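Here's the structure we're looking at; comments come further down.
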Amino acid sequence: MGFYYSSKTPFTIDFQEYLKLYWKDTEQPIAYVSGGAVIDKDRLVGWLSPIELRGYLILSNKIEQSFSIYKEITDPGFKITVDITNVESKLEFPYVSDDNITAAVTVKATGFITELYGEIPAYDETFIKKIEDIVAQEIASEIYLAVNRAQNDLRTDFLGFHKVFKVRYPKQWEKLKENWCEVFSRIPVSYNVNLKIRHRGLMGKYFHTEDW
């Protein structure tokens, strides 16, 4: 639990929603809850940070509303917010043998740029592609953090890899299910995120703010 300040009546809010209100704020507190608990067999085994939690939600296709990603780009020097309006994830196991299992996460997402601050190059297709790659990398990083937390810190498959595996490979699952958490912790995972920015209403404009 934490507190932010807003002119609105105190209510529960996540950090990204707070950022949208930031410039309208006066000092009144907003209580917010961040992160999440990991439960395994009715037992609390650990906690997720807000970023790890969002990575888990993306991977599990449990994102129910749009969310914002804020990034600072050092070269040439600007700040950007992209609203992700649709995201769909798919987990596959491209290689399965008695000795080795590999996993692959594929994500397709769409969004639009909501804010730009600072000095930016020409707002053209090259710039859009750069932003798509940067934000896609951020989404992949958030999923990686959730997977890393599950595999290396908690060593618990709260992500649901086992659900996909036992449906696709029932015979192998019968052999591995008693020791699945140990197997899961050793599975290498690759990440492929494809992001498309759909709305480009600011096309052709330039932004420069000396204060940023």
Side-chain angles (χ1 to χ4, degrees), residues 15-16 34-64 66-74 82 84-111 129-197:
F15 182 63
Q16 294 295 338
S34 64
V38 178
I39 308 296
D40 181 41
K41 298 177 181 178
D42 299 322
R43 181 173 62 92
L44 175 65
V45 296
W47 299 90
L48 300 181
S49 71
I51 296 300
E52 292 167 344
L53 176 59
R54 188 162 71 185
Y56 159 73
L57 294 174
I58 294 172
L59 176 60
S60 305
N61 286 307
K62 294 181 178 179
I63 295 291
E64 296 181 352
S66 64
F67 61 93
S68 299
I69 291 180
Y70 170 81
K71 293 293 293 182
E72 295 187 23
I73 314 300
T74 57
V82 176
I84 306 301
T85 55
N86 184 60
V87 60
E88 180 179 347
S89 301
K90 185 177 182 180
L91 172 63
E92 296 179 299
F93 295 92
Y95 183 82
V96 175
S97 71
D98 292 338
D99 302 321
N100 191 26
I101 299 172
T102 63
V105 176
T106 304
V107 178
K108 294 182 179 180
T110 57
K129 182 63 169 63
K130 179 178 180 179
I131 297 304
E132 288 175 340
D133 290 344
I134 290 172
V135 176
Q137 185 177 1
E138 178 66 21
I139 293 174
S141 175
E142 293 184 4
I143 299 173
Y144 164 78
L145 290 174
V147 173
N148 182 68
R149 181 75 166 142
Q151 289 184 317
N152 298 319
D153 296 334
L154 304 179
R155 301 180 74 85
T156 299
D157 183 16
F158 64 87
L159 302 172
F161 277 50
H162 63 288
K163 295 179 181 179
V164 177
F165 188 86
K166 70 180 180 181
V167 170
R168 301 284 178 86
Y169 303 96
K171 293 182 179 179
Q172 289 88 340
W173 170 251
E174 289 301 318
K175 298 177 182 178
L176 300 174
K177 63 181 181 180
E178 296 301 325
N179 196 36
W180 175 254
C181 285
E182 183 63 30
V183 173
F184 164 71
S185 68
R186 298 195 303 267
I187 296 176
V189 184
S190 63
Y191 307 89
N192 181 21
V193 179
N194 183 277
L195 169 68
K196 293 297 181 184
I197 293 177

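These figures come from a predicted structure and were not determined experimentally.
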pair Leu195-Ile84: side-chain heavy atoms closer than 4.5 Å: yes

Glu132 CD to Asn194 CG distance, which is reported to the nearest 0.5 Å: 7.5 Å

Side-chain donor/acceptor of Ser185 to backbone N/O of Val183, under 3.5 Å: no

Gap separating the NE2 atom of His162 from the CG atom of Asp157, nearest 0.5 angstrom: 5.5 Å

Pairwise side-chain contact, Lys71 with Ile73, heavy-atom cut-off 4.5 Å (strictly under): yes

Rounded distance (nearest 0.5 Å) linking atom CD1 of Ile139 with atom CZ of Arg54: 8.0 Å

For Tyr191, ring pair (Phe, Tyr, Trp, His ring centres under 6.0 Å) partners two or more places apart: none

Audit row: Leu44, Val38, side chain to side chain contact (heavy atoms under 4.5 Å, CB included) steps and yes/no: CA-CA 6 Å; Leu44 175 65; Val38 178; 5.7 Å; no

Validation row: Asn179, Phe184 side chains within 4.5 angstrom (heavy atoms): no

Minimum heavy-atom distance Ser49-Glu52, with the two atoms named: N-OE1, 2.8 Å

From CA spacing to verdict: side chain to side chain contact (heavy atoms under 4.5 Å, CB included), Val167, Trp173: CA-CA 9 Å; Val167 170; Trp173 170 251; over 6 Å; no

Heavy-atom closest contact (Ala104 atom, Pro94 atom, distance): N-CD, 3.9 Å

Non-hydrogen atoms of Gly36 and Leu53 that approach each other most closely: N-CD2, 4.2 Å

Test item: Ser97 side-chain N/O and Asp99 main-chain N/O as donor-acceptor pair under 3.5 Å: yes

Contacts of type side chain to side chain contact (heavy atoms under 4.5 Å, CB included), residue Asn61, not counting sequence neighbours: Glu88, Ser89

Spacing of Tyr144 atom OH and Gln151 atom CD [to the nearest 0.5 Å]: 9.0 Å

Value rounded to 0.5 Å, distance of CG in Leu91 from CD1 in Ile143: 10.5 Å

4.5 Å side-chain heavy-atom contact, Val164 and Phe93: yes

Exercise: identify the closest heavy-atom pair between Phe161 and Ala103: CE2-CB, 3.9 Å

CD on Glu142 to CD on Gln137, rounded to 0.5 Å: 11.5 Å

Test log, rule ring-ring contact (aromatic ring centres under 6.0 Å, His included), inputs Tyr169 and Phe165: CA-CA 6 Å; Tyr169 303 96; Phe165 188 86; 5.4 Å; yes

Residue pair Lys130 / Ile134, side-chain heavy-atom distance below 4.5 Å: yes

All side-chain hydrogen bond (donor to acceptor under 3.5 Å, both in side chains) counterparts of Lys177, not counting sequence neighbours: Glu174

Flag if over 12 foreign heavy atoms under 6.0 Å of CD, Glu182: yes

Check: Lys175 and Asp98 side chains under 4.5 Å, non-hydrogen atoms: yes

Shortest non-hydrogen separation from Leu159 to Ala150 and the atoms involved: CD1-CB, 3.7 Å

Derivation and outcome, side chain to side chain contact (heavy atoms under 4.5 Å, CB included), residues Ile197 and Thr110: CA-CA 6 Å; Ile197 293 177; Thr110 57; over 6 Å; no

Under-4.0 Å salt bridge between Glu92 and Lys90: yes

Smallest separation among heavy atoms of Ile187 and Trp180, with atom names: CD1-CH2, 4.0 Å

Val135 vs Val193 side-chain heavy atoms within contact, under 4.5 Å: no

Verdict with supporting geometry, Val107 and Val87, side chain to side chain contact (heavy atoms under 4.5 Å, CB included): CA-CA 7 Å; Val107 178; Val87 60; 3.6 Å; yes

